[in-house]
Amino acid sequence: MTYRSAEGGRIERNRPLSFSFNGKRYVGYAGDTLASALLANGVAVVARSWKYHRPRGIVACGVEEPNALVQLETGARTTPNARATEVELYEGLTATSVNCWPSVDHDWMALSGMFGRLMPAGFYYKTFMWPKSLWMRYEHYIRKASGLGVAPAIPDADRYDKMNAHCDVLVVGGGPAGLAAALAAGRSGARVMLVDEQNEFGGSLLRTANATTSIQPTAIGGMTPLAWVDRTVAELAGLPEVRMLRRSTAFGYHDHNFVTINERRCEHLPPDQRNGARERVWRVRAGQVVLATGAIERPLVFGNNDRPGIMLASAVSAYVNRYAVRPGTRAVIFTSNDSAYQSALDLVAAGIPVAAVVDPRRNASGALPARVRAAGIEIIDNAVIVNARGRRRVRGVDVATLTADGERVTGLARTIACDAVGVSGGWSPVVHLHAQSGGRPRYDELRACFVPGESVQDERSAGACNGSFQLHECVSEGLAAGAEAARRTGHGDGAPIPGPAIATTTEEPMRALWLVPSNRANQRGPKRFVDLQNDVTAADIQLAAREGYRSIEHVKRYTALGFGTDQGKLGNINGMAILAQALGNDIPSTGTTTFRPNYTPVTFGAIAGRDLGDLFEPIRKTALHEWHVEHGAVFENVGQWKRPWYYPKVGETMHEAVNRECLATRSGVSIMDASTLGKIDIQGPDAAAFLNLVYTNAWSKLAVGRCRYGLMLDENGMAMDDGVTTRLAENHYLMTTTTGGAARVMAWLERWLQTEWPHLKVYLTSVTDHWATAAVVGPGSRRVVQAVCQDIDFSGEAFPFMSYRQGTAAGIPARVMRISFSGELAYEVNVCANDARHVWEALMAAGEPYDITPYGTEAMHVLRAEKGFIIIGQDTDGSVTPVDLGMQWIIAKGKEFIGRRSLARSDTAREGRKQLVGLLAEDPNDVLPEGSPVVEDAKAPTPVPMLGHVTSSYFSACLGRSIALALVKDGTKRMGKTVHVPLPDGKMLRAVVASSVFIDPEGARQNV
Ligand SMILES: Cc1cc2nc3c(=O)[nH]c(=O)nc-3n(C[C@H](O)[C@H](O)[C@H](O)COP(=O)(O)OP(=O)(O)OC[C@H]3O[C@@H](n4cnc5c(N)ncnc54)[C@H](O)[C@@H]3O)c2cc1C
């Protein structure tokens, strides 16, 4: 028996393609999907179900396919869980079924299906709770049994791209509504993007036969629907401002009309013919969005409705008309609405007998049922299919009469032999993107579906996704939506362009039939599946309701309804309605689950794009990087920056180099590249008021030319960043931030300015990269900077500590600050980054007579720790207030600032908080490991109460001993007391709590 019609379809019969499925070779044609090619080869069982491992066949013809998930290709190019209905066939394609062992035909796990009745919803939660000790063993097996496809184990061989784009009107969906919208907007001159997930434009029209006959009666402007599609696509392609993307799914609709689109660029080609990026993520900002995403047909929930050969009626039409596939030899249609009658006509036109159309309505009298009757097909009114026979393929259906209230069936069931069943329980508009945009879909009682609610962004829906299912409505709504969207972006007058003539057809209202009554005693009949992908049955949902679940969101989690790659495209509305029935609620009050991005799965490759390996995170180098390389620096990563860590001389260890750099700083002169510090230029008449709000201390009285240290808190009153800010002019400040915190602080300040204090006239500019900074440090620093910056008076009186002067350095305009992070006399020389090396070398030359020593971040850390200067993020961890740090002096009284009120909370003001203190190890050669716990009693039984932990710890060459900073509970009250620091090897070090300032507590050295 052949499952391919001799003629028709959109396949290229002169291009046969061979492919392999589960190790067996088959032949299909260009234009096939893997699903259509498998059906055309008579392959009925393509998968095993997730929980019960029941044999499953192809159900749909698009993204809504729940069963036919395959492992596509092998090795580096393997893709798990690809939907066979979306995989375009190419020569040499290889695919295998997932979730079965050893094969899809003989799956050992199917044994679990025999105990299916013992495995209701919540089975795992209920069963594996005891004995608790065995959980780890259970988990091992549950994990092995769970999941579907297998993630690739070797690196992806392909490249992926990202593209940013702007347009006036973005149209999502290229069916009749979307094509009409794009045409109307495109003709107005607007920049239009039209995207569709399929390989061809036309949407649901692609499943129509290419003829206007009594079987396929609809014509658009006198043409067949497909001829109209071709003409429209050709016109759009000729409009210069219209960009059309096929194989492109809009998968996320975010704020400010930001839509993410995944374009699959060469998936349809054999791997060896793929050129360029495999997928591209478009990040589109659209002035207006028109959603024309169509509708998805709903299955009907009846006994054994998962048998291979049972598919959506629309899929039957698609396989017959688009792919010239014969889904069976004798079919039955089961529908609660008129649209599936078209599938009966399509089958007959393809020469496949239709045994009957089963319709729960009393007397279907619309135009399509009339044609079906005229074609001599039996219509069984007021009836339902209660059970499907057969296991690996449907062999027949049991049809019974429905009672008037629709609650039960009566009489003896009549069995009709068939090997294909088309089902239709109505249509669900694809409202996913509307919901993602913030809209709330509302329930439409008449059409028995959720339709888009009010738009909350610049967005409108047209066509079937708007609940307007007739073709003439789709086209006219599309034209109107496109014209209006264009008008709103300044193109055209919004008047719809004239549309083609399309006949209207009479339709009988559908009958909402969420759950087909069983003809067997309650809970005894065959399984009635609601969610085929997750093996959720009507009984599972009813059980959840009996067990007290009320919210659809909870029922979803309990039963797995709508989980996985499918996200409930087929099952959710039925499931929700069955829950509503079980709870005695109406559907609107039961509501839907939340539609979140992604609409369909997106590969990790597409999400990562080129941000891989070395490109995963940008590497930032200072303008002096090459100099550091030439002088043997060893680098460390600080945020994204490469910073010199230390400069070892030949034969020197790190420890020796750092000691030498520290000693040189305290006794002579040294130099450090401090360019990575974050720098934010702050201007505007309210700049001082702004600083007052973001820093804990007062800024109004800071004189022009002076610098001040500032500490920033978050809303919880916890230290979040610090740095020195200089008043360059009356309304002009330069703020410095920590290296790692620069971007975060910039975003933080902007956020407050834009959301809470928009009335403040303050403008922020990040200038971190614009300026290079050389810190010249040590008792000899004054002589060095004076030699290089000859137009600045560096005497102590003329240029006091914490002040700023403008002048030149080696002829280059320079900003010089006298500030210190080491406690020594020190100057920071800032010049334009392009001139950094020139000035740095001038400073090195001027310092040569004094043996100027470059030093890195390690020495910087030691020097600042000797002075007790904190590093945010090292000595703090988001739970430390200024009081904990012993920095009460920096909290101004009588002014507002971020975090102020939190400092008065009972928890932040209580006794017993951890405070920053110094620790001196009993043995001065012991350097306490950073991060080590600090405990009071070395012999306390476990769990030993922790007092805190070591935050910074170094060997201080200047002091000839180790020093450490630590956060210790009630630290200041413990001054002079001994605490213990346990080491991983079991040793216990003793240390004495001391002041956190180890050198020059009076600050005499920096005030010279
Ligand atoms: C109940 C019912 C009754 C009908 N009655 C009639 C009738 O009486 N007469 C008649 O002529 N026709 C009838 N039709 C068929 C009618 O032709 C279709 O409803 C119409 O073609 C839908 O057009 P559309 O453009 O809104 O959606 P579709 O043609 O379905 O197009 C939507 C397109 O958007 C794509 N898409 C969806 N989501 C995305 C995304 N996120 N990113 C990219 N692409 C996406 C889809 O793949 C598809 O290509 C009926 C249909 C139904 C359902």
Side-chain angles (χ1 to χ4, degrees), residues 295 297-307 310-314 316 331-345 354-373 377-389 394 396-416 418 420-428 444-449 469 506-520 525-526 528-530 537-538 570-571 573-578 580-582 586-587:
E297 199 164 28
R298 278 198 296 266
L300 284 162
V301 183
F302 58 91
N304 287 326
N305 58 340
D306 64 327
R307 293 305 185 205
I310 300 177
M311 55 171 77
L312 297 174
S314 54
V316 169
V332 168
I333 299 290
F334 179 20
T335 178
S336 60
N337 67 93
D338 278 9
S339 68
Y341 282 81
Q342 180 64 55
S343 306
L345 296 172
V354 177
V357 177
V358 180
D359 193 328
R361 294 175 295 178
R362 288 222 156 258
N363 182 21
S365 57
L368 280 170
R371 281 192 198 107
V372 166
R373 263 193 204 96
I377 302 169
E378 183 187 3
I379 297 178
I380 311 177
D381 277 342
N382 200 26
V384 289
I385 295 179
V386 286
N387 182 34
R389 293 174 179 246
V394 62
V397 290
D398 297 340
V399 177
T401 305
L402 202 56
T403 56
D405 59 4
E407 301 280 316
R408 285 169 299 114
V409 287
T410 56
L412 272 184
R414 165 185 162 191
T415 300
I416 303 174
C418 61
V421 180
V423 296
S424 179
W427 292 80
S428 303
D444 183 314
E445 201 74 52
L446 188 69
R447 287 173 282 190
C449 61
F469 296 124
T506 56
E507 237 180 67
E508 180 84 0
M510 70 165 292
R511 173 175 187 164
L513 180 65
W514 308 113
L515 175 61
V516 175
S518 173
N519 60 346
R520 308 271 276 277
R528 293 174 290 175
F529 285 94
V530 179
T537 65
L570 288 189
I573 306 293
N574 283 333
M576 196 198 65
I578 292 168
Q581 271 173 354
D586 56 12
I587 291 176

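Sequential numbering from 1 along the given sequence is applied to the chain's residues.
Of all heavy-atom pairs between Ile573 and Trp514, the closest is CG2-CZ3, 3.9 Å. Here the closest non-hydrogen pair linking Ser314 and Ser343 is N-OG, 4.1 Å. Here the closest heavy-atom approach between residue Ala388 and residue Arg307 is recorded as CB-CG, 4.3 Å. Considering all non-hydrogen atoms of both residues, Phe334 and Pro360 come closest at CE1-CD, 4.3 Å. Pairing each heavy atom of Gly426 with each of Met510, the nearest pair is CA-CE, 3.9 Å. Here the closest non-hydrogen pair linking Val530 and Ala538 is CG2-N, 3.5 Å.
Counted by atom type alone, Ser428 and Arg298 present one or more donor-acceptor pairs between their side chains at under 3.5 Å.
The CZ atom of Arg362 sits 4.0 Å away from the CG atom of Asn382 when rounded to the nearest 0.5 Å. Separating the CG atom in Asp381 from the OG1 atom in Thr401 is a distance of 10.5 Å, to the nearest 0.5 Å. A distance of 5.0 Å separates CZ in Phe302 from CD1 in Ile385, rounded to the nearest 0.5 Å. With rounding to the nearest 0.5 angstrom, the CH2 atom of Trp427 is 5.0 Å from the OG atom of Ser339. The distance from the CG atom of Leu300 to the CG atom of Asn305 is 8.5 Å, given to the nearest 0.5 Å. To the nearest 0.5 Å, the span separating CG on Asn363 from CD1 on Ile379 amounts to 8.5 Å.
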Practice task
Under the side chain to side chain contact (heavy atoms under 4.5 Å, CB included) rule, what do Leu515 and Asn574 come out as? Steps first, then yes or no, please.
Solution key: CA-CA 8 Å; Leu515 175 61; Asn574 283 333; over 6 Å; no
Handout entry: side chain to side chain contact (heavy atoms under 4.5 Å, CB included) between Ile416 and Ile380, intermediate numbers included
Key = CA-CA 11 Å; Ile416 303 174; Ile380 311 177; 3.7 Å; yes
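The shortest side-chain heavy-atom distance between Ile333 and Ile377 does not fall under the 4.5 Å cut-off. Pro299 is listed as a side-chain neighbour of Leu312, based on a closest heavy-atom distance under 4.5 Å. Counting heavy atoms from C-beta outward, Pro369 and Glu508 have side chains that stay 4.5 Å or more apart.
Contacts of Tyr341 classified as ring-ring contact (aromatic ring centres under 6.0 Å, His included), with partners at least two apart in sequence or in another chain: none. Arg361 meets the side chain to side chain donor-acceptor pair (under 3.5 Å) test with Asp338, Asp359; sequence neighbours excluded. Residues satisfying the salt bridge (Lys or Arg N to Asp or Glu O under 4.0 Å) criterion with Asp444, sequence neighbours excluded, are Arg447. Thr410 meets the side chain to side chain donor-acceptor pair (under 3.5 Å) test with no other residue; sequence neighbours excluded. Under the side chain to side chain donor-acceptor pair (under 3.5 Å) criterion, Ser424 pairs with Glu297, Asn337, sequence neighbours left out.
Note on residues 397-407: pairs passing salt bridge (Lys or Arg N to Asp or Glu O under 4.0 Å), not counting sequence neighbours, are Arg389-Asp398.
Formation of a donor-acceptor pair under 3.5 Å by the Asn519 side chain with backbone atoms of Val409 is not found in this model. A donor-acceptor pair under 3.5 Å is absent between the side-chain atoms of Asn304 and the main chain of Asn387, judged by distance alone.
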